[in-house]
Amino acid sequence: MRALRLLILLPVLFFASGCTHMANDRWTGKDKTQHFVASAAFAAAGAAYGDRQNWNEARSRSFGLLFSIGLGAAKELYDSREGGTGWSWKDFAWDVAGAATGYSIYHLAR
């Protein structure tokens with residue numbers, strides 16, 4: 001529930017952040033694969049960290065997902081600065097998909 005509230009607040013934070021421009025990109029491409037794979041790895045690593053801390057599964061899952069999605073949002077905020085490539089909702093969507101996949105694969109493998 002807490003994670004859901006954070007995901008709902010993300011667009012509000014984005015529009016209040018002073019983003020200078022948006023990216024005009026496609027849904028496919030090499031960078032989308034990189035977003036997906038990196039987010040999957042970060043989510044799995046975050047969930048593994050939670051397991052090593054002896055957290056319950058729900059806390060481990062929340063940490064892994066929020067860690068990965070938070071890094072994806074930070075990357076997009078960095079891209080949105082003046083002189084950057086611009087905020088990309090498409091990149092962010094691939095980040096979220098990768099985070100969910102990475103977490104799922106990690107827990108299926110255990």
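Note that the numbering runs from 1 along the sequence shown for the chain. Any value given below was found using the heavy atoms of this structure, including those in side chains, with hydrogens, waters and symmetry copies removed.
- Side-chain atoms of S80 come within 3.5 Å of backbone N or O of L77 as a donor-acceptor pair.
- For T101, the side chain to side chain contact (heavy atoms under 4.5 Å, CB included) partners are F36, I105, not counting sequence neighbours.
- Applying the side chain to side chain donor-acceptor pair (under 3.5 Å) rule to E57 yields the partners Y103; only residues at least two apart in sequence or on another chain are considered.
- Here the side chains of I69 and F92 are in contact, with some heavy-atom distance below 4.5 Å.
- Side-chain heavy-atom separations under 4.5 angstrom define the hydrophobic clusters, and L108 shares its cluster with no other residue.
- Listed by chain and number, the residues in a side chain to side chain contact (heavy atoms under 4.5 Å, CB included) with A58 are N56, R61 (sequence neighbours excluded).
- When atom types are taken as modelled, the side chain of W94 and the backbone of Q34 share no donor-acceptor pair closer than 3.5 angstrom.
- With sequence neighbours left out, the side chain to side chain contact (heavy atoms under 4.5 Å, CB included) criterion links Y49 to Q53, W55, F63.
- At a threshold of 4.5 Å between non-hydrogen side-chain atoms, the residues H107 and D51 count as touching.
- In this structure, CG on D95 lies 11.0 Å from CH2 on W89, to the nearest 0.5 angstrom.
- Under the salt bridge (charged side-chain N to carboxylate O under 4.0 Å, His left out) criterion, D91 pairs with K32, not counting sequence neighbours.
- Side chain of S39 to main chain of V96: no donor-acceptor pair is present (N/O by atom type, distance under 3.5 Å, no hydrogens or angles).
- For K75, the side chain to side chain contact (heavy atoms under 4.5 Å, CB included) partners two or more places apart in sequence, or in a different chain, are H35, D79.
- Nearest heavy-atom pair across S68 and A43 is CB-N, 3.6 Å.
- Counting all heavy atoms, side chain and backbone alike, S60 lies closest to A47 at OG-O, 2.7 Å.
- For residues 37-50, the set of pairs meeting the salt bridge (charged side-chain N to carboxylate O under 4.0 Å, His left out) definition, not counting sequence neighbours, is empty.
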